[in-house]
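Report on the structure given below.
So that the names make sense, note that chain A is the first sequence line, chain B the second, and so on, each numbered from 1.
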There are 2 protein chains.
Amino acid sequence: MKLEILTKNEHKELHNVIIANIRDLINNKNLEPGDKLPSERMLSEKFEVSRSNVREAIQKLEFYGILKSKPQSGTFVADIGQVAMNGMMDDILGLEDPDFKSLVETRILLELKTVRLAAKRRTDEDLKSMESALEAFKEKVLNNEDAVQEDLLFHLAIAQACGNSTINRMMLIITPEIINNFEKYHVCDKNQSKRRLKEHQDIFEAIKEQNTQKAKQMMKDHFVELYKYCYNL
Amino acid sequence: MKLEILTKNEHKELHNVIIANIRDLINNKNLEPGDKLPSERMLSEKFEVSRSNVREAIQKLEFYGILKSKPQSGTFVADIGQVAMNGMMDDILGLEDPDFKSLVETRILLELKTVRLAAKRRTDEDLKSMESALEAFKEKVLNNEDAVQEDLLFHLAIAQACGNSTINRMMLIITPEIINNFEKYHVCDKNQSKRRLKEHQDIFEAIKEQNTQKAKQMMKDHFVELYKYCYNL
DNA sequence: TGAAACAAATTGGTTAACCAGATTGGTTTA
DNA sequence: TAAACCAATCTGGTTAACCAATTTGTTTCA
C-alpha cells in the first residue's frame, strides 16, 4: 500500500470516492435500512484505501445521519430508506463550496427569522447577554476601532435568544465563513459604523419591547446595504 | 494512560472538554489570529487525553472554521479574531441536540425560501430532476405505499434547484433528522397522501411557470398541517 | 430436546510507532 | 554583512498493532 500525504482538496476528493463506493456497495448488495455495513477493515481493503480514510468518510456520513456506528458491533445503515439514502448521497457528493452570495442570502433569511423569534421568546437572561454584546460593540465603535467581530457576536446573541437550536447551529456554521469573506472583500465600511450602532440599538430595543414587527423591520433596514452589496457581486 | 471505550455521549462530552481546554489555552497564552497552536502531541499530553481525541476535537473546530490545520506544519487559529473565537467557542459548547419543533420550524423557513428561489432560477435540467422525483412519489402514492422518502427527495430536488449552495447544504443537514422524527412520531397520515400529491404537483407547476408568488403560496398550503402539528408539541 | 454456558472470532475504538514534508537554527560562503 | 545551504527537529498525516465489548457458533448439561 502506497503512502502519500494528501492536500485538503485531494483529501476531500478521496472522501467522496469512498462515499460513492459505499453507496454503490449498499446498492448492489441490496442492504436494507438497519443492515450492517461490512467492517471498516473489509472496506479499506476493498476500496484500497487506509482504514482511517474509511473512518473519516463514515464519520462524514454519520454527520449527515446516513450511517450510525456502534462500538464493538458495526456500522449500520440509518432508518431513512434506500431511496432517500441514494438521493442524499448524491446530493452530498455534489455539494460545492459556499459562495459569498449564497452565504449572505442565507444569513439574511436566517436573521430575519431569528430577530422575530427573539422578540417573541427572549428571556431576561437573553436580554442581558445581548446587551453586553451590544455594549462591547458600542465601545469599539466609539473608539473608532474595527468591530466586525463584536458586530457578529451581537447577531449571534440574537440567534441564541431565538429559542431555536437548529437555526442557532446554522448561524454558527455560516458565521466564520461570513467573517472571512467580509475581510477578503472589505465589505464593512468604517464610516458607517456609527449608523450601524444606531441600528443595533434599535434592534435591541425592539426585541426588548417584544415588538416582532418592528424588530423585523429594523433588521431589514440594517441589511439594506449588505443586500445591495450581495446582489452586485 | 487508562484505556476505556466511551459511549457516544461520553465521547461528545470529552470533545467539549477538550474544546474548552483549547479555548482557555488560546486565551491565557494570548494567541492571536493566525498563531500556531501547540502540537497535537503536546495538547494530548497537557489535557491527558489521547491524540486521536485531540484530533477529533480539532476537526470539529475546523468544521466551524475556528481552526485550520496544515499538514507537516501545525494547527492555526483562524483569522476571525479573539473575541469572535471566544464567543463562537462558547456557543458551540452550549449547543444542544435539535428538538423536533426547531427542526420543523427551520425546515419551513428554508423551504419557503428555496421554493421562491427555485421558481426564479430553475434551469431546464432542474425541472427534469424535480419531475422525476415527483414521478417517483406519484407512483408510490398511487400504489398506496409509504412514500416519506420520495416526498422528502422531491423537496431536496427543489433545494438543489434554488441555486444557493448554503441553503441546500442546510436542507441536507436537517433532512435525516426530520425523517427520523417523522417515523418516531408518525407524523405522516397515509390517508392524506393523495392530497399531498396534488400539492406537490401544484408546487412543481408553479416552479415550472416561474411564478414565485404562487410557488410560495402552494408551499405554504402544503405545510399547513405540519405547522399545526409542530406547534401542538 | 432445548436452553444455558462458554469460547473463538469479529467489531469499532484506541494507542503507538512511523512517514515525509515543513520549519528552524547554525554554519558556510560570496 | 547577508544570503545560501544543510542537517536536526518538529509537524500533521498515515499505518499497524492492540483492546475490550459484542456477536456467533459450539458444547454441555438439565
Side-chain angles (χ1 to χ4, degrees), chain A residues 1-19 21-22 25-26 29 31 34-63 65-78, chain B residues 1-19 21-22 25-26 29 31-32 34-78:
Chain A
M1 195 151 305
K2 60 184 174 181
L3 167 65
E4 305 180 56
I5 306 285
L6 301 176
T7 69
K8 274 274 138 66
N9 278 342
E10 292 169 328
H11 210 90
K12 193 180 163 191
E13 203 42 55
L14 179 57
H15 282 183
N16 279 355
V17 171
I18 297 175
I19 289 175
N21 276 327
I22 292 178
L25 182 139
I26 292 179
K29 287 221 173 185
L31 295 184
D35 281 357
K36 191 166 74 173
L37 228 56
S39 72
E40 295 177 352
R41 288 168 183 80
M42 303 253 303
L43 293 178
S44 77
E45 196 174 340
K46 198 177 181 66
F47 303 155
E48 294 180 332
V49 294
S50 75
R51 196 182 146 203
S52 37
N53 288 135
V54 172
R55 296 191 101 242
E56 285 167 359
I58 288 177
Q59 272 177 31
K60 191 166 174 182
L61 291 176
E62 265 192 282
F63 173 77
I66 291 180
L67 298 180
K68 194 89 188 162
S69 62
K70 285 188 191 173
Q72 281 77 41
S73 177
T75 301
F76 298 84
V77 182
Chain B
M1 193 151 306
K2 61 184 173 180
L3 168 65
E4 306 180 55
I5 306 284
L6 301 175
T7 68
K8 274 276 137 66
N9 278 343
E10 291 169 329
H11 210 90
K12 192 180 162 188
E13 203 43 54
L14 179 57
H15 282 183
N16 279 354
V17 171
I18 297 175
I19 288 175
N21 277 326
I22 291 177
L25 182 139
I26 292 180
K29 288 221 172 183
L31 296 184
E32 299 286 322
D35 282 357
K36 191 166 75 172
L37 228 58
S39 71
E40 296 177 351
R41 288 167 182 81
M42 305 250 306
L43 293 179
S44 77
E45 196 175 340
K46 197 176 181 69
F47 303 155
E48 293 180 334
V49 295
S50 76
R51 194 181 147 204
S52 37
N53 288 135
V54 172
R55 296 190 102 244
E56 285 166 0
I58 289 178
Q59 272 176 30
K60 191 167 173 179
L61 291 176
E62 264 192 283
F63 173 77
Y64 284 105
I66 290 179
L67 298 179
K68 194 87 188 165
S69 63
K70 286 187 192 174
Q72 281 80 41
S73 176
T75 302
F76 298 84
V77 182

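Taking Ser52(B) as the reference, Ser50(B) meet the side chain to side chain donor-acceptor pair (under 3.5 Å) condition, with sequence neighbours excluded. Contacts of Glu40(A) classified as salt bridge (Lys or Arg N to Asp or Glu O under 4.0 Å), with partners at least two apart in sequence or in another chain: Arg51(A), Arg55(A). A search for side chain to side chain contact (heavy atoms under 4.5 Å, CB included) contacts involving Asp35(B) returns Leu31(B), Glu32(B), not counting sequence neighbours. Looking at residues two or more places apart in sequence or on another chain, you find a ring pair (Phe, Tyr, Trp, His ring centres under 6.0 Å) between Phe63(B) and Phe63(A).
Checking the phosphate oxygens (OP1, OP2) of dT15(D), a side-chain nitrogen or oxygen of Ser50(A) falls inside 4.0 Å. Taking only side-chain nitrogens and oxygens, Ser69(A) never comes nearer than 4.0 Å to OP1 or OP2 of dT11(C).
Counting heavy atoms from C-beta on, the side chains of Leu43(A) and Leu25(A) come closer than 4.5 Å.
Separating the CD atom of Glu56(B) from the P atom of dG12(D) is a distance of 16 Å, rounded to the nearest angstrom. Counting to the nearest Å, the C1' atom of dC18(C) and the CD atom of Glu40(B) are 15 Å from each other. At whole-Å resolution of the value, CG in Leu14(B) and P in dT14(C) are 8 Å apart. The distance from atom CG of Leu37(B) to atom C1' of dC10(D) is 15 Å, rounded to the nearest whole Å. Across the protein-nucleic acid pair, Glu62(B) atom CD and dG12(D) atom P stand 11 Å apart, rounded to whole Å. Atom C1' of nucleotide dA16(C) and atom CD of Glu45(B) are separated by 14 Å, given to the nearest angstrom. The distance from atom CZ of Phe76(B) to atom P of dG12(D) is 8 Å, rounded to the nearest whole Å. Atom-to-atom, CE of Met42(B) to C1' of dT9(D) comes out at 14 Å; the value is rounded to the nearest Å.
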Using the 3.5 Å cut-off, write out each protein N or O paired with an N or O of nucleotides 5-10 of chain C and the distance between them.
none

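A donor-acceptor contact under 3.5 Å is not formed by the side chain of Arg55(A) with the base of dG12(C).
To the nearest 0.5 angstrom, Ile22(A) atom CD1 is 11.5 Å from Lys60(A) atom NZ. Atoms CG and CG, on Leu37(B) and Leu61(B) in that order, are 9.0 Å from each other to the nearest 0.5 Å.
In this structure, the nucleotide among dT15(C), dG13(C), dC18(C) sitting nearest to the side chain of Arg51(A) is dG13(C). Here the nucleotide nearest the side chain of Asn53(B), chosen from dT14(D), dC18(D), dT15(C), is dT15(C).
As judged by a 4.0 angstrom heavy-atom cut-off over every strand, Ser73(B) is placed among residues touching the sugar-phosphate backbone only.
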